[in-house]
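Heads up, the thing below is written out as structure tokens.
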Protein chains: 2
Amino acid sequence: MSSYSIGDLSAQSGVKVPTIRYYEQIGLIAAPARTEGNQRRYGSAELNRLRFIAHARDMGFAMDSLKSMLSLSTRKDAPCAKVDAIVEQHLAEVDQRIKQLTRLRGELAGMLSGGHHGTVGECRVVEVLSDHDHCGYEHGAAA
Amino acid sequence: MSSYSIGDLSAQSGVKVPTIRYYEQIGLIAAPARTEGNQRRYGSAELNRLRFIAHARDMGFAMDSLKSMLSLSTRKDAPCAKVDAIVEQHLAEVDQRIKQLTRLRGELAGMLSGGHHGTVGECRVVEVLSDHDHCGYEHGAAA
DNA sequence: GATAATCCTCCAGTCACTGGAGCTTTTCGT
DNA sequence: ACGAAAAGCTCCAGTGACTGGAGGATTATC
């Protein structure tokens, strides 16, 4: 049967119990039915929704993004393109991040190959990372 | 001349004024000299340090990681080998992040690959996100 | 029917900022 | 040189996204 306690739901979704309650509090999931003794009881729809949330969050989607994806997902007639757009945007962000990190990787690797001369005084780690021109990264634009 | 007010420093580094004060408070940057009237005055060393912090944070380095890098950079006599070890550690960290993001990238791209069919009802994104088995993504590792 | 496990609510804390209130200092235009 | 405006100061409270504990009620199991 599909009646889960909050603990079951937690185990099935990987979302911690207090976090589930928090999600309910902020309206990310609906308040579920309660037992006589006031305990939450969930169905499989709620489990799916929670899994969706957990997965999307794990993938780094912003809370706002997944909120809008969730609201879209409940309206079966909503255009898929809208959801796709959110994913596309996130994809672009991820691409940007990968680019930055790859660049940083190069910098770090370069520092190592520089060899082992005595002290930090000559190491370029901090130098490279503090010199804006060195990296070509555009600050201010949130990733 | 190299004497910046906190506002100058903010403008030069892209770090907001309250954030600079916060960084001072948690000991990430040293308490700077003050004017007669108790206002902070910074030099270019502090600007570099702040740029380093901003850059490293933008890159997604954990606070602890950049603290350890910074602490090494201030001790000019620190053995280079130690720095190298830390750089290596960060290199591994960066590699790990790149790997994660690349996998995520693939997953996101995969979601979009179905093409743009009509409605959310058939939307692959929603489907993939609610069904864990669909994606083969290993949860638990933050992006 | 006892006892352990789980659940409830409420509240406080975390991290990394961010912003406002109320006041002082500095800078700038005239 | 002076007065307004801009920027600075401290302190404190709030944000987002949880996380965890206290103290007590409810379920599940033996």
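Throughout, protein chains are lettered first and strands after them, A, B, ... in sequence-line order, and every chain is numbered starting at 1.
With A/L28 as reference, A/L70 is the one residue of A/L50, A/L70, A/I20 to meet the side-chain contact (heavy atoms from CB on, under 4.5 Å) rule.
C/dT6 atom P lies 16 Å from atom NZ of A/K16, rounded to whole Å. The CD1 atom of A/I29 sits 12 Å away from the P atom of D/dC18 (whole-angstrom rounding). Rounding to whole angstrom units, CD of residue A/Q39 and C1' of C/dT9 are separated by 12 Å. A straight line from CD of A/Q25 to P of D/dA17 spans 13 Å, rounded to a whole angstrom.
Listed pair B/R40 / D/dG8 fails the phosphate criterion, with no side-chain N or O lying under 4.0 Å from OP1 or OP2. Between B/T19 and the phosphate of C/dA16, there is no side-chain N or O to OP1/OP2 separation shorter than 4.0 Å. Taking 4.0 angstrom as the limit, A/T35 places a side-chain polar atom (N or O) nearer than this to OP1 or OP2 of D/dT27. In terms of phosphate contacts, A/R34 brings a side-chain nitrogen or oxygen within less than 4.0 Å of OP1 or OP2 of C/dT9. Proximity of A/S5 to the phosphate of C/dC7: a side-chain N or O atom is located under 4.0 Å from OP1 or OP2. Contact check, B/Y23 against C/dC17: a side-chain N or O comes under 4.0 Å of OP1 or OP2. Close to D/dT10, at under 4.0 Å from its OP1 or OP2, lies no side-chain N or O of B/R21.
Counting heavy atoms from C-beta outward, B/P32 and B/E46 have side chains that approach closer than 4.5 Å.
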